[in-house]
There are 2 protein chains.
Amino acid sequence: MTRPPLQDPHRTLTLRDVSEASGVSEMTVSRVLRNRGDVSETTRERVLDAARRLGYVPNKIAGALASQRVNLVGVVIPSLSNMVFPEVMTGISETLEDTGLQPVVGVSNYQAEREEQVIYEMLSWRPSGLIVAGLEHSEAAQAMLAQAGIPIVEIMDIDGTPIDSAVGISHRRAGRKMAEAIVAAGYRRIAFLGTHMPTNDHRAQKRLEGFEEALAKAGLAVADREYYSGGSALAKGREMTETLLRRSPDVDFLYYSNDMIGAGGLLWCLEQGLDVPGKIGLAGFNGVELLEGLPRRLATMDACRLETGRTAAEIIAGKRASGVIGGEIVEFEPKLEPGDTIRKA
Amino acid sequence: MTRPPLQDPHRTLTLRDVSEASGVSEMTVSRVLRNRGDVSETTRERVLDAARRLGYVPNKIAGALASQRVNLVGVVIPSLSNMVFPEVMTGISETLEDTGLQPVVGVSNYQAEREEQVIYEMLSWRPSGLIVAGLEHSEAAQAMLAQAGIPIVEIMDIDGTPIDSAVGISHRRAGRKMAEAIVAAGYRRIAFLGTHMPTNDHRAQKRLEGFEEALAKAGLAVADREYYSGGSALAKGREMTETLLRRSPDVDFLYYSNDMIGAGGLLWCLEQGLDVPGKIGLAGFNGVELLEGLPRRLATMDACRLETGRTAAEIIAGKRASGVIGGEIVEFEPKLEPGDTIRKA
DNA sequence: CTGAAAGCGCTAACAG
DNA sequence: CTGTTAGCGCTTTCAG
């Protein structure tokens, strides 16, 4: 007759278990495991040994509650699948690596309501800081962020009023700058191709506003426009380009709201044997790596994603050389990369 | 003369604050906020009102410690920047959405040691489950996972022995299947182009093994090979293809370890005016969306990423129709998508 | 250098 | 339907 085990065989180990196994007080075990305070080499060894032998994994939940300290940094972005946010994440991870801080990602799918939930969820874990894409949030979200009592960094846009700190480029300015380059190169019948605007992509929206503003200054307006949503961006870029060019064959420039649809458009134009950039010019936005492998180099504008991620993380980690403590605004200058799809002026 | 505030103006709110503001006991406030147990409509309103007014955000750390329940699911993947893991994430997020569980991502950069750290870190938050890419882990990592006492799902590979559950395709089989299709189509001098193998990408390795095995069965061997690492995959695909074809001009098939370099190779071949798939065939791996926009459709093999993510999440969430509780192994069948770059047999 | 006591903010388990 | 009492597993603080 076998007896049932006296203890749940799978309760997870606690400090106490390590303490008993090593014959050292819980407190000292805790000190060893966190490298805090002085502990004699002998006890240290004994403790580490016991911990390893048992396979002890500390419970950060209890630790965080007791110490009121959480080594997590929340990152809230609209999407993971479009190549631009992963690069921001890379910058963030890099800088956080040697700070003991850990990024935790939440995705909002470009929905304000979803973003609000994600922010709420993250704040409820009391992170050391929060990085949020964009400056537009629901009222409730803004209130939560402002109340949170931790560093908040809004990234990838600085056209607006940040809650605390902000890092990124001015998309209005990026749009303006691109328009000026296009006009300077002598193009006059300029079309815009982008995502369906209801998508809540405020940055694309601002880019277009800046773009139109600069065109207006040159006495021009967007000659035609075409929107898409969903599907393979490269394929969509082709389709949109064909549709638009059939409708407005006299257009001499195509401004795409992102590089992926721009690349699709470029491939299509080249296949049609169109004279790029002679008869027709093209430009995208973002400076994605992909462009390097295309038959011709699409003009684009770098959004400084890596630097943005790095800087945001530095602000949270308190590593800014500036010594500024909060409410810092860092603007990067979007660089025009003319490539081979804009005529030389 | 103004008096200083009696309390830290920025300590974060607690249940007690809501309790006092609403005149309801902490316990009942807690119940309202979690929708647990019966509470009269009147008190409920009163509590919610106070909570909203104060801007109270519950402290999940304390909640988790008290309830021994954490609504987090750890996801450990090698990289975010290559298009394939984001899609797995999409599958995971989708299914987790209505379960109250939240994914937390950790990135290992294809380094076993880094992976071990990330797993340790995640386990220390006592998540409800863990999803880890691949079956190969450091010994320490394996031990931790086995000990964790939570559902562990290893994804994207089933060639090996899982710790608990596993979901994905057999890469060996995928490689074999592709080789068989290539041989059946009449190609004989077959080259392989892939990432530098030290990169620790076990799945690519297994694909190649299966590939060579099937070739051997047909009395063939890989005729030449070329490796790359880093940089724009599309651009690298071009370069590698050029290098390899200059060295071995008589090769009649190019098997790429991923679609991105395959796409680069395809673009290069088309530019050179090579007869694809007549004189030379090409194939990649992964079935990425990008391929849809290319001038010709690259042959590839779908890795069932979305389904894999979904299924892994279902297992963690306990939503499997099968009713199986743990140690479940789900194998998907990698589908060959012949596209336009393999001769019809 | 080491240990004992007192919580961190919440929820489980009871009692009304 | 509502309240009370004990902790959850750690770290802070203070004594040795």
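Model, not experiment: these values are computed from the prediction. In what follows, chains are A, B, ... by sequence order, proteins preceding strands, each numbered from 1.
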>> Can you give me the bend angle of the helix from dC1(C)-dG16(D) to dG16(C)-dC1(D)? Use the axis through the first five pairs and the one through the last five, nearest 10 degrees.
In response: 30°
> Backbone N or O of Pro86(B) within a donor-acceptor pair of the Thr90(B) side chain at under 3.5 Å?
Replying inline: yes
> What pairs with Val70(A) under side chain to side chain contact (heavy atoms under 4.5 Å, CB included), at least two apart in sequence or on another chain?
Replying inline: Ala64(A), Leu72(A), Arg126(A), Ile61(B), Trp125(B)
> How would you list, by chain and number, every residue that makes a salt bridge (charged side-chain N to carboxylate O under 4.0 Å, His left out) with Glu45(B), sequence neighbours excluded?
Replying inline: none
> Which letter, B, S or -, goes with each nucleotide of nucleotides 10-16 of chain D from 5' to 3', with contact meaning a protein heavy atom under 4.0 Å?
Replying inline: BBB----
> What residues, two or more places apart in sequence or in another chain, satisfy salt bridge (charged side-chain N to carboxylate O under 4.0 Å, His left out) together with Glu307(A)?
Replying inline: none
> Does OP1 or OP2 of dT2(D) have a side-chain N or O of Ser25(B) closer than 4.0 Å?
Replying inline: no
> Considering only heavy atoms, which members of residues 43-50 of chain A lie under 4.0 Å from some atom of DNA chain C?
Replying inline: Thr43(A)
> In chain order, what residues pass the side-chain hydrogen bond (donor to acceptor under 3.5 Å, both in side chains) check against Glu314(B), with sequence neighbours excluded?
Replying inline: Arg320(B)
> Does Ser40(B) put a side-chain nitrogen or oxygen below 4.0 Å from OP1 or OP2 of dC1(D)?
Replying inline: no
>> Does dC10(C) have its OP1 or OP2 closer than 4.0 Å to a side-chain nitrogen or oxygen of Gln68(B)?
In response: no
> So which pairs with a foot in residues 92-106 of chain B pass side chain to side chain donor-acceptor pair (under 3.5 Å), sequence neighbours left out?
Replying inline: Glu94(B)-Arg310(B)
>> Taking side chain to side chain donor-acceptor pair (under 3.5 Å) as the cut-off, I'd like each qualifying pair that reaches into residues 56-76 of chain A, sequence neighbours left out, listed once.
In response: Lys60(A)-Glu121(B), Asn71(A)-Glu121(B)
>> Expressed as a whole number of angstroms, how long is the span from Leu65(A):CG to dA6(C):C1'?
In response: 13 Å
> Tell me, which pairs form a side chain to side chain donor-acceptor pair (under 3.5 Å) where one or both residues lie in residues 29-38 of chain B, sequence neighbours left out?
Replying inline: Ser30(B)-Arg34(B), Asn35(B)-Arg44(B)
> Atom CG of Asp38(A) to atom C1' of dC1(C): distance rounded to whole Å?
Replying inline: 7 Å
> Yes or no on side-chain hydrogen bond (donor to acceptor under 3.5 Å, both in side chains) for Glu328(A) and Ser165(A), after CA distance, side-chain angles and deciding distance?
Replying inline: CA-CA 5 Å; Glu328(A) 188 172 4; Ser165(A) 296; 5.5 Å; no
> Rounded to whole angstrom units, what separation is found between the CH2 atom of Trp125(B) and the P atom of dG9(D)?
Replying inline: 15 Å
>> Holding to salt bridge (charged side-chain N to carboxylate O under 4.0 Å, His left out), I want the full list of residues that pass it with Arg203(B), two or more places apart in sequence or in another chain.
In response: none
> Which residue pairs satisfy the side chain to side chain donor-acceptor pair (under 3.5 Å) criterion with at least one member in residues 146-159 of chain B, sequence neighbours excluded?
Replying inline: His137(B)-Glu154(B), Asp157(B)-Lys206(B), Asp159(B)-Ser170(B)
